[in-house]
Participant: 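Here you go, one structure.
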Amino acid sequence: MSAEGFQTLDVTQFRRALAKLHNEVSCCRGRVEVKRKGCDDVCVLIGKAELQAMEEALEILSNTADFQAMCKTLSEVVAAASPSFPPIAQA
C-alpha cells in the first residue's frame with residue numbers, strides 16, 4: 001500500500017488478481033488504484049459500502065450552513081473577479 005492508502009496495480013496485474021481484490025476491497029474496505037502503461041488516467045476500486053458512506057457524508061456536509069456560506073463567498077469572489085461569469089449554483 002502507498003502512503004495514500006492505495007495499492008497500485010497496472011491493468012494486467014489487476015486482471016490477474018480481480019477475484020482476490022474484490023474480496024479484499026468489499027470485506028476489508030481496502031482501495032486499489034488501477035493504472036495502465038502509456039495512460040495518465042487512473043481509476044480506483046473501492047467497496048460499495050465505502051462509496052455510499054462517502055456519498056452520505058457529502059450530502060450531509062452540503063446541507064450545512066458552513067457549506068452554504070462557503071458557496072456564497074466563492075460565488076461573490078468569482079463574480080468580483082469576472083462579472084460575466086455565471087453564479088455558482090447553491091445546493
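In what follows, residues are counted from 1 in the order of the sequence shown. Hydrogens, waters and symmetry mates play no part in the numbers below; they use all other heavy atoms, side chains included. All figures in this text were calculated on a predicted structure; none of them were measured in a lab.
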Participant: Please tell me if the side chains of Leu9 and Leu21 come closer than 4.5 Å, counting only heavy atoms from C-beta onward.
Facilitator: yes

Participant: Quick one: side-chain contact (heavy atoms from CB on, under 4.5 Å) partners of Thr64, sequence neighbours excluded?
Facilitator: Leu61, Asp66, Phe67

Participant: Tell me whether Val34 is reachable from Leu18 by hopping between hydrophobic residues (I, L, V, M, F, W, Y) whose side-chain heavy atoms are closer than 4.5 Å.
Facilitator: yes

Participant: Which donor-acceptor pairs under 3.5 Å do side chains of residues 36-60 form with protein atoms, sequence neighbours excluded?
Facilitator:
residue	atom	partner	partner atom	Å
Glu50	OE2	Arg31	NE	2.7
Glu50	OE2	Arg31	NH2	2.4

Participant: Any pair with a residue in residues 10-26 that passes salt bridge (Lys or Arg N to Asp or Glu O under 4.0 Å), sequence neighbours left out, goes on the list, sorted by first then second residue, please.
Facilitator: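 Counting only pairs at least two positions apart or across chains, the salt bridge (Lys or Arg N to Asp or Glu O under 4.0 Å) contacts touching residues 10-26 are Lys20-Glu24.
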
Participant: Look up atom SG in Cys71 and atom CD in Glu76, then write down how far apart they are to the nearest 0.5 Å.
Facilitator: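 Reported to 0.5 Å precision, the distance equals 11.5 Å.
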
